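Notes to accompany the following structure.
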Protein chains: 2
Amino acid sequence: MPPEQKAGATVRPAVSPWDDIAERLHANGLRWTPQRRTLIEVLKEQQGHVTASELIASCKERDRTTTPSTVYRALDLLEELGLVRHGHGHDGREEYHVLPDQVHGHLYCVGCGTTWEIRPETGAVIVDALAAQLGFDVDLSHVTISGRCAGCHD
Amino acid sequence: MPPEQKAGATVRPAVSPWDDIAERLHANGLRWTPQRRTLIEVLKEQQGHVTASELIASCKERDRTTTPSTVYRALDLLEELGLVRHGHGHDGREEYHVLPDQVHGHLYCVGCGTTWEIRPETGAVIVDALAAQLGFDVDLSHVTISGRCAGCHD
DNA sequence: CAACGCGTTGCAACGACTCGCAATAGCCAT
DNA sequence: ATGGCTATTGCGAGTCGTTGCAACGCGTTG
Ligand SMILES: [Mn+2]
Ligand SMILES: [Mn+2]
Ligand SMILES: [Zn+2]
Ligand SMILES: [Zn+2]
């Protein structure tokens, strides 16, 4: 629509990380299928946390023939490509984040059931402590810490 | 067997935390059942981590009629009483610890699959950081942090 | 445009857990 | 010892996620 783009020779199209997926797949001998297209359309409109079940439900809205195992496998693939990240909620259920948000962990209050994102500076303390003491490189995105929030003490 | 105990009026029998379970249950209007007895016998001989499935299997060895849902419910109860604690492994599966070990979290290396316990001083850094910055009271026992160990970098 | 190879899909079966419900059985009071 | 109250059990059904396998179809080649 914007006519000013028409003339540009090497217009940088403000790429979203999703734009070159088809190529990235092909480059690895993988394929660009309708099922993967559907999932990515769904992921594009997500923000914050989504459970795998919610993603499957959204895919079903767009394509009634959606199969759970296919979505789970596609999510695994996208995670390998670094486009999504999953962790496990307090009950062990999967929760996904769409990148490229800041990588972060989660805090869950067993008192009120609220979930918060761990702020970067707090996350850094955890990452640094384990790096310094054990040489362990933490993947914060897969972390959910439970306990009681300030409002739910005692 | 030891005859020297026979005469003692108020011998303190080096109580294990399991010894007074029947009373603790009764005190709360709860019941002492064969299924709970079986589970506790199994728990007594555990050390380190056990998955719920492993516990169910062990209970079945002692009592072939063991039912999974009953074991899950008994574990919930024992956790409320503070006698066991569970967390979720990297795949979200439940892992139990028998108390009164030091409460601790876990580290999982996605490279080699090894799991370590987080040492008290390292755990303290995490607990203190979240307490200081957010007033959040961490339950370290329910934490599993994944990442890459020193031997599995790059 | 037709043929081929292999990456993917759909399905069915399974494992880990949860929940509602009716039958069972601890525990206490006569 | 008997009876009753109600906590607990066992079961069936359901959810979430994984995996093996045969059929399918994307993408390439001629
Ligand atoms: Mn995981
Ligand atoms: Mn441990
Ligand atoms: Zn709270
Ligand atoms: Zn490792």
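Below, read A as the first sequence line, B as the second, and so on, with proteins coming before strands; counting in each chain starts at 1. Please read these numbers as outputs of a predicted model, since none were measured by experiment. Just so you know, these numbers use all the heavy atoms, side chains as well, and skip hydrogens, waters and symmetry mates.
Looking at heavy-atom distances under 4.0 Å, A:R36 makes contact with sugar-phosphate atoms alone, never a base. Looking at heavy-atom distances under 4.0 Å, B:A74 makes no contact with the nucleic acid at all. Nucleic acid contact class of B:R31 (heavy atoms, under 4.0 Å, all strands): base. Nucleic acid contact class of A:G92 (heavy atoms, under 4.0 Å, all strands): none.
Comparing C:dC17, C:dC27, C:dC11 by their nearest atom to the side chain of B:W32 picks out C:dC27. Of all nucleotides listed (C:dC27, C:dC17, D:dT9), C:dC27 comes nearest to the side chain of B:H26. For B:Q35, counting side-chain heavy atoms from C-beta on, the closest listed nucleotide (C:dC17, D:dG27, D:dG10) is D:dG10. The side chain of A:Y72 lies closest to D:dT18, out of D:dA7, D:dT18, D:dC26. Nearest to the side-chain atoms of B:E94 among the listed nucleotides C:dG10, D:dT9, C:dC17 stands C:dC17.
Nearest-nucleotide positions on DNA chain D for A:I56 and B:L77 put B:L77 closer to the 5' end. Comparing B:T33 and B:H88 by the nucleotide of DNA chain C whose heavy atom lies nearest to each, the residue mapping closer to the 5' end is B:H88.
Across the protein-nucleic acid pair, B:K60 atom NZ and C:dG15 atom C1' stand 12 Å apart, rounded to whole Å. The distance between atom OH of A:Y96 and atom C1' of D:dG17, rounded to the nearest whole Å, is 10 Å. Residue A:L39 contributes atom CG, which lies 14 Å from atom C1' of C:dT9 at whole-angstrom precision. Atoms NE2 (A:H90) and C1' (C:dT18) sit 15 Å apart, rounded to a whole Å. Spacing between atom CG of B:L55 and atom P of C:dC17 amounts to 10 Å, rounded to whole angstrom units. Across the protein-nucleic acid pair, B:E95 atom CD and C:dC17 atom C1' stand 15 Å apart, rounded to whole Å. Distance CZ (B:R93) to C1' (C:dC17): 11 Å, rounded to an integer number of Å. The distance between atom CZ of B:R37 and atom C1' of D:dT8, rounded to the nearest whole Å, is 16 Å.
In this view, A:R62 and A:E41, A:E45 satisfy the side-chain hydrogen bond (donor to acceptor under 3.5 Å, both in side chains) rule, not counting sequence neighbours.
For B:Q35 and B:T70, the side-chain atoms include no donor-acceptor pair closer than 3.5 Å.
In this structure, A:H49 has its ring center under 6.0 Å from that of A:H97.
A donor-acceptor contact shorter than 3.5 Å links the side chain of A:E79 to the backbone of A:H86.
B:S69 contributes a side-chain N or O that forms a donor-acceptor pair with the base of D:dC11 under 3.5 Å. No donor-acceptor contact under 3.5 Å links the side chain of A:R73 to the base of D:dG17.
What you find for A:A52 and A:Y72 is that their closest heavy atoms are CB-CE2, 3.6 Å. Between A:I56 and A:T66 the shortest heavy-atom distance is O-CG2, 4.4 Å.
An OP1 or OP2 oxygen of D:dC16 is reached within less than 4.0 angstrom by a side-chain nitrogen or oxygen of A:S53.
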